[in-house]
K.L.:
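Supplied in structure tokens, the structure appears directly below.
In this chain, residues are counted from 1 in sequence order.
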Amino acid sequence: MLFRSERIHFTSENDSRRRQVLALSAELASAVVVAARPDVRSIRAARAGCLDALVSEVEELEVVRIVIEREDSLLQADRTLLFSRFRSASQHSALWSYGWQRAHEEPLLWLADAHAWAQTKGGSWRTAAESRLEIRNV
């Protein structure tokens, strides 16, 4: 059984399970976009840049819901940024909700974790995740 635990976190999975998860993600996802800020060393600044880029794409992608993995130390900064950006975004956006959940509360957050881990790890892991992957340096 693939989902025998409360959540999947790639840093604590064995290689066999990682391969299973990446194979399943290729079946489930039509596309996975990884927003990256390779030039930024601060997690807070990188996350802000990625969230800002996400807002810019909401309308184009016809997104109706965004779920962000909750990181308590960054929650207030996330809220401030998103409130400001969505308030100034087009009123024609299809987005109707955004919010934060812990990884065990939203099962598909494992998909983002899997692809981000594979991208960072590189080599054959990056290759295994590439079939549906688009990297955007923002």
K.L.:
Please report the shortest heavy-atom distance between Gln101 and Arg65, naming the atom on each side.
P.N.:
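Heavy-atom minimum between the residues: OE1-NH2, 3.8 Å.
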K.L.:
Once rounded to the nearest 0.5 Å, what's the spacing between atom CG of Asp52 and atom CZ of Arg47?
P.N.:
13.5 Å
K.L.:
What is the distance from atom CD1 of Ile68 to atom CG of Leu82, rounded to the nearest 0.5 Å?
P.N.:
5.0 Å
K.L.:
At what distance, to the nearest 0.5 angstrom, does CG of Leu75 lie from CZ of Arg70?
P.N.:
5.0 Å
K.L.:
Minimum heavy-atom separation for Ala48 and Leu81, please, with both atom names.
P.N.:
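Between these two residues, the closest heavy atoms are O-CD1, 3.6 Å.
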K.L.:
Are any side-chain N or O atoms of Arg37 and backbone N or O atoms of Ser42, one a donor and one an acceptor, separated by less than 3.5 Å?
P.N.:
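It does not hold such a pair.
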K.L.:
Kindly compute the distance separating CD (Glu69) from CH2 (Trp110), expressed to the nearest 0.5 Å.
P.N.:
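The distance works out to 13.5 Å.
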K.L.:
Mind listing the closest non-hydrogen atom pair of Arg102 and Leu109 along with its distance?
P.N.:
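What the structure gives for the nearest pair is O-CD1, 3.9 Å.
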K.L.:
Under a 4.5 Å cut-off applied to non-hydrogen side-chain atoms, are Leu108 and Val67 in contact?
P.N.:
no
K.L.:
Report yes or no: do Leu51 and Leu74 belong to one cluster of Ile/Leu/Val/Met/Phe/Trp/Tyr joined by side chain heavy-atom distances under 4.5 Å?
P.N.:
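No, because Leu51 and Leu74 fall into different hydrophobic clusters, even though each may have its own neighbours under 4.5 Å.
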K.L.:
Quick one: are Trp117 and Arg18 in side-chain contact, heavy atoms under 4.5 Å?
P.N.:
yes
K.L.:
Can you see which heavy atom on Trp125 is nearest to which on Arg19, and at what distance?
P.N.:
CH2-NH1, 3.4 Å
K.L.:
Quick one: does Ser84's side chain have a donor or acceptor within less than 3.5 Å of a partner on Thr80's backbone?
P.N.:
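Pair absent, no side-chain N/O of Ser84 close to backbone of Thr80.
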K.L.:
Between Ala46 and Val40, what is the shortest heavy-atom contact and its length?
P.N.:
N-CG1, 3.6 Å
K.L.:
Taking atom CD1 of Ile66 and atom CH2 of Trp100, what is their separation to the nearest 0.5 Å?
P.N.:
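Between Ile66 CD1 and Trp100 CH2, I get 9.5 Å after rounding to 0.5 Å.
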K.L.:
Run the salt-bridge test on Asp15 and Arg17 with the 4.0 Å N-O cut-off and return the result as yes or no.
P.N.:
no
K.L.:
To check you understand the geometry: which heavy-atom pair defines the closest contact between Asp113 and Phe10, and what is its length?
P.N.:
OD2-N, 2.9 Å
